[in-house]
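A, B, ... follow the sequence lines: proteins, then strands. Residue 1 opens every chain.
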Amino acid sequence: MTDEPTLKKNFLTEEIEADFASGRYTGKILTRFPPEPNGYLHIGHAKAICIDFGLAQQYGGGTNLRMDDTNPSKEEQEYIDAIQDDIRWLGYEWKNLLYASDYFQQLYDWAIELIKAGLAYVDDQTADEMRANRGTLTEPGKNSPFRDRSVEENLDLFTRMKNGEFDEGSRVLRAKIDMASPNIVMRDPTMYRIMKAHHPRTGDKWCIYPMYDYAHGQSDWLEGITHSLCSLEFKNNRQLYEWFIDRIAEVSGFPEGVKHKTRQIEFARGNISYMITSKRKLLKLITDGIVEGWNDPRMPTIRGMRRRGFTPGSIKRFWDEAGVAKRENLLEYAKLESFLRDELNKIAQRRMAVLDPIKLVITNYPEGQVEVMDVPNNPENPDDGKRQVPFSGELYIEREDFMEDAPKKFFRLSVGKEVRLRCGYWVTCTDVVKDEEGNIIQLNCTYDPQTRGGNNPPPDAEGKQRKVKGTLHWVSAEHAVDAEVRLYEHLFTKPKAEEGELMDNINADSLKIVNAKVEPSLVDAKPGDPIQFERLGYFTPDITTSDEKIVFNRTVTLKDSWAKMQGK
RNA sequence: UGGCCUGUAGUUCAAUUGGCGGAACGCCUGAUUCUGGUUCAGGAGGUUGAAGGUUCAAGUCCUUCCAGGCCAGCCA
């Protein structure tokens, strides 16, 4: 987790290296991550974070974290704080924490210069009129009747817009470019709209707020960003991004201390099967009560995944291995799970927990006896040592580890069969106890005292070694602790979860809550601690866990080739 | 019937820039194992979207076609 994954070669690294080789840039690479503080970061943002921070790190540069706070009607301080927390959790640190709103005055001053140069005008058309006159994908637009106002009138109107003299929606400032451009982004784009909203940072100072297109490029430029890496849908906007900077450079020159223009390069965002990242849809899951909130362990948010038990390392490695390109994609959730398991396998403490308990009674075990068994905390890492687990004549094992009419391939318990209880004893099932309805309520077994600790018994007189195929996990009934365990599945039934009507694809079984019996040492586990319940999967205590009620989240199951065989 | 972008194993990406198409994940075998996990060894899987062309040689260059994506917010 401490060593950063080395990023693979891709078209971004190629371009970046070319930019330094050609002398376009000297010095250090500087990127930026520009989240809009109107929601929580999700797995898709994590890709951008890995690229923006990871690439800069790889080339010895830095990354500015810039809150894209140009729309106060949707943005809140709560998100500004959460975003920083999530980025740090992922393991990245920014060079500077900045806000687009830091540049509101500069942006305004430049707008004045653009107006003076005849490159911007105040438009009195309604939003509907503007839309009608914008033309369509195949037809050019029409010039606004207000397009040729005098500089003086534009200056007067724009100043009054700023002073709050006009109603919201009554006027906008537009760049004067080309209403017939085949790139619709260039058809006199809006630079400022009137918005009388309270801004978390600038308060009530401004009645006008800049649009993304007018704010983003210049923010990059002012900060001396070398590479502004963003997703594909901004490809069309790049022409405008460059237009603003070029025009401002002509009209006002470069800002103090700024030597170069920023290069925007677009890459494809990453989609993952069974997950969605649309903020609107995610919010609907919450408002419709499908999930608990932004940090529900089933949510693809950083907070949700963190609560679920994901590690930052696995998320970073996933995006690193996924690569970067320019095509639409749908990564398999299995790939994410693979890197998750890989890391968890190395660090997770092993414990025993029985999710669906059935009582196992050892009929020949001395009544009332309790033994303490040494069990390794992590066989993958002997340095983690061993712990002591109480063993007795009354245990719980997993209901599905017993079968009455077992097929030959069933390596677990069945009447007449012998199995190993992990680090306990070898037991043979003699008979079962059923209730009136015929349900099995207890398994009676005998144990072999020569197998203490789960070890092989000595060979028989002919030197033959007795063997068992199966090893089961267990907890001592008397010592077991009750715990609630939350078992998660995909939130959606279709891999392309984003497709079609959201509510048609909801997996009704995405959360299953069971009452488990767990070994006593688990009472000390803390939220975030990676724990493997042996033979079941990786779990971590939920943030709601308490002394009164222990709660675990299942992060991911172990691979299960038995279940796979059954499925066939 | 506009502009721009993208098509390479099931999936995501590579292919030294024109020189024998690979990896990861997934899938299938086998070995090992006190977790049906891990680990190890091996295997299957490709008309490089299609058709033409240039070339000794094309995934890579050219032409045409097909499919998919983005853009018509006073969102980002």
I'd like to compare against my own output: the B/S/- annotation of nucleotides 38-47 of chain B with a strict under-4.0 Å heavy-atom distance to protein. S---------

Touch class at under 4.0 angstrom, heavy-atom based, for A/P379 against every strand present: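 Base: the residue A/P379, judged by heavy atoms under 4.0 Å, touches a nucleobase.
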
Does RNA chain B take part in any stems of at least 3 consecutive Watson-Crick or G-U pairs (both distances under 3.5 Å), and if so, which ones? B:2-7 with B:66-71, B:10-13 with B:22-25, B:27-31 with B:39-43, B:49-53 with B:61-65

Side-chain N or O of [X] less than 4.0 angstrom from OP1 or OP2 on [N]?
X	N	value
A/T70	B/A76	yes
A/R350	B/U35	no
A/R420	B/U35	no
A/K279	B/A76	no
A/R193	B/A76	yes
A/N329	B/C13	yes
A/R280	B/C75	no
A/K326	B/U6	yes
A/K9	B/U16	no

If you assign each of A/K235 and A/A334 to its closest nucleotide in RNA chain B, which residue comes earlier from the 5' end?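 Upstream on the strand: A/K235.
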
Taking RNA chain B as the partner, which of residues 124-133 of chain A come within under 4.0 angstrom of it by heavy atom? A/Q125, A/T126, A/A127, A/M130, A/R131

Any residue in residues 262-273 of chain A with a heavy atom nearer than 4.0 angstrom to RNA chain B? Just list them by number, or reply none. none

Which protein N or O atoms sit under 3.5 Å from an N or O of nucleotides 66-68 of chain B?
none

note: A/N10, atom CG; B/U12, atom C1'; distance rounded to Å ~ 13 Å

Listing request: all salt bridge (charged side-chain N to carboxylate O under 4.0 Å, His left out) pairs with a residue in residues 181-195 of chain A, at least two apart in sequence or in separate chains. A/R147-A/D188

